[in-house]
Amino acid sequence: MKNKIIIGLAFATPFSAMALVLQGNHTYNEEVNIPVTHAVNKFQGKLSSGIDIQENSNTVFEKNVIINLVREDAPMNGSSISAIHNHYNNSSTIFNGDLTINTQGINFYAISMLGENTITVNGTTRLTVSDPDENDAIFVHYGNVTLNGESYINGGINTHNNGVTTINNKSIINGNILTFNGGTVILNLASGSKIVGSASAFGDPDDTDVGNPDDTGIIKINLAKDVPWEINDNYSYITELAGQGNIKFTNDISNNTYTNSDNNYGMLMIENLKGQSTFDLRADIAAQQSDKIVISKSPEVVSRTLSAEGIHTINLINNGSSNTTGAEKLTLVEIDDNATNSAQFIINHAAEVGGYQYNLAKEGNNYVLASYNTLTSSAMAGVSFLNSNYLMSYVETQTLLQRLGDMRHSGQYGDVWLRGFSGKLDSFSGGKLSKFDMNYHGFQLGADKQFSEDSPFVIGAYVGQTYGDPNYRHGDGSLKSFNTGIYATFFDNDGFYIDSVAKYARQRNHFKVRDTANNHVQGTGHTNGLGLSVELGKKFKINDFYIEPQTQFSYTHQNSASIHATNGLNVKLGDYNSLIGRASALFGYEINSDNSNINIYAKTGIVREFDGDTYYKLNNSKESHSFKGNWWNNGVGISAQLNQQHTIYFDLESSPGNKFDLLQVNGGYRYSF
């Protein structure tokens, strides 16, 4: 074939079988192809190679070199073979074209450098061994191997005894990097590169001689922006990390492959950290385990200094299902006290773990993950169902005037009525559950009948629906409450009345928020409540003016609820009993005629929650919560009866308190038969 040389086996010697022997000074201007048909097992397990580099040779390959070799027999006495093999000294081999090596078999290297020589590849390098976890693509005992073009390496890199391996440019490396006995690996990887594998400048981390100064090597890694390094073992130790790469551990944390490790998470030890790296770390703060960055060195390494500089980012994955308490701390970065340290570590977003939000804080030289009991957006929203349900029950517990206007003007055969209301609740104060607000609106429809024209008793029933639009941190939600009840009212001609209401409510809550990683999180909960309210008052008239002292007690039992958020967080809301007491006074003015009555009033009073103790659970972490507190209730209103049958009433009230603020508008219509 023109411009292509197929190398045969004519260069075989009694001691080794080689497809191509490099001797003296030579330049190859044609493409070289060593085909797979020259299977090296034909040489009865003797040391074999595709290209054998002899002593004092200087060879230049101007065109592409392709080597495809197979070893089918088992190694003899642990012998290894190489596609490119060098055992002698003082040789130089330069590949200006592409170098492609594919090997199959046990103990089969792609490039093996045993002498003090140099191999330089300026074209694209493609090295593939059949078992990257067991076979090295590059094995350097002495000398220098330099790859300047793009590299695609499927196999390990093993360099020791003062050997040097340097890889520049864009490179895809799938294999472990190992140095010891003074060996050096330098990776200067351009954009588009990727490393999958561990790195150790101490040789085998399972070796009982780890820490022997004779075992130490040097690994320097410089990664271009966003170049990934996936560490698939739980231990790596390098001399220097620079650039702006993205480093993460991908080892199986359920399988401890490093016997000297305390846990199965990953640890990357770095002697000198530079640049602006990003570290994707896994953390189980509840179990006090995580991947870790350590700026340190073995005590046996005396001559090398320690340093940390640059601004580095830590990425953490939110995990709502974790059983955290908010009180944990976990160290993610350890920096030796003897290191020259100007480095800063930040996180791209607070970590949501369980129901709590954790941030990165500096403690001494180290960086720890700590919460200080800050709830996540989803936990805050789920637990705030307590507040919204409590307040919804409060606004649905109406006074007599809000429900019926001035009931003393009741119809002979009965009444039907419709009440509408709308309002806003905000500034709920409750420790961790602060910054709550909700707009709401609803209606109630009812009917009642006086026992007889002369009877002081009226009984009735109503149904209603209330809708809330709560706002949460980084999101919002919805609340729908169905409520129904029966009531009985007694009033006499002297202005005294007693009004009692028994009610049932079923509430459905839903939230949709974004977490710190900008992911959507949703949750839904249902709960039921039963309540009883008793209100009494007496009107004292002074000509057309009057004053009416009132008091009201409202008891509610709210059932528990469970919310399963889409991020794995489980929120349990405890049941509770509420007992609200109100002491108020109305100051009014009445205008009466034959066919109409107008009542204009202002009211003020104090309201107190006497009970309201409850709890919530975020996964298994239990927190107490209480609705106890006081608030004022003020308002103005008007009730007008027209033509003895139509009553229109309007009420505006405000309730500022130490737990929440309320502003509500009530309006209604009653028709008397």
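Formation of a donor-acceptor pair under 3.5 Å by the Ser626 side chain with backbone atoms of Lys628 is found in this model. Using modelled atom types, one side-chain atom of Thr516 and one backbone atom of Ala350 make a donor-acceptor pair closer than 3.5 Å. The backbone N or O of Leu569 lies less than 3.5 Å from no partner atom in the side chain of Ser321, so there is not a single donor-acceptor pair.
No side-chain donor from either of Asn567 and Asp515 sits under 3.5 Å from a side-chain acceptor of the other. Residues Asn315 and Asp280 bring a donor and an acceptor atom of their side chains to less than 3.5 Å of each other. Defined by atom type and a distance below 3.5 Å, a donor-acceptor pair is present between the side-chain atoms of Tyr440 and Gln664. Asn168 and Asn188 form a side-chain donor-acceptor contact under 3.5 Å, judged by distance and modelled atom types alone. Side-chain atoms of Thr325 and Glu328 form a donor-acceptor pair, as typed in the model, at a separation below 3.5 Å. Side-chain polar atoms of Asp226 and Gln244 form no donor-acceptor pair below 3.5 angstrom. Between the side chains of Asn174 and Asn154, at least one donor-acceptor pair of N or O atoms lies under 3.5 Å.
Environment of CD1 in Ile317: sparse, with no more than 12 heavy atoms of neighbouring residues, nucleotides or ligands closer than 6.0 Å.
Rounding to the nearest 0.5 Å gives a distance of 5.5 Å between CD1 of Ile293 and CZ of Phe249. To the nearest 0.5 angstrom, Ser388 atom OG is 10.0 Å from Leu425 atom CG. Interatomic distance, OG1 of Thr250 versus CZ of Arg282, reported as 7.0 Å (0.5 Å rounding). Interatomic distance, Asp284 CG to Ile253 CD1, rounded to the nearest 0.5 Å: 7.5 Å.
Ring planes of Tyr472 and Phe511: perpendicular class, angle over 60° (limits at 30 and 60°). The aromatic rings of Phe180 and His160 sit parallel, their planes meeting at an angle under 30°, below the 60° perpendicular limit.
Applying the ring pair (Phe, Tyr, Trp, His ring centres under 6.0 Å) test between Tyr576 and each of Phe627, Tyr616, Tyr555, Tyr615 identifies Phe627 as the sole match.
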Using the rule given for salt bridge (charged side-chain N to carboxylate O under 4.0 Å, His left out), can you reason through Glu363 versus Lys329, listing the C-alpha separation, both sets of side-chain angles and the distance that settles it, and then say yes or no? CA-CA 11 Å; Glu363 292 189 357; Lys329 290 185 178 182; 2.9 Å; yes
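Separation of the Tyr394 and Trp631 ring centroids falls under the 6.0 Å cut-off.
For the pair Lys424 and Asp437, the salt-bridge criterion is met [side-chain N within less than 4.0 Å of a carboxylate O]. For the pair Glu309 and Lys274, the salt-bridge criterion is not met [side-chain N within less than 4.0 Å of a carboxylate O].
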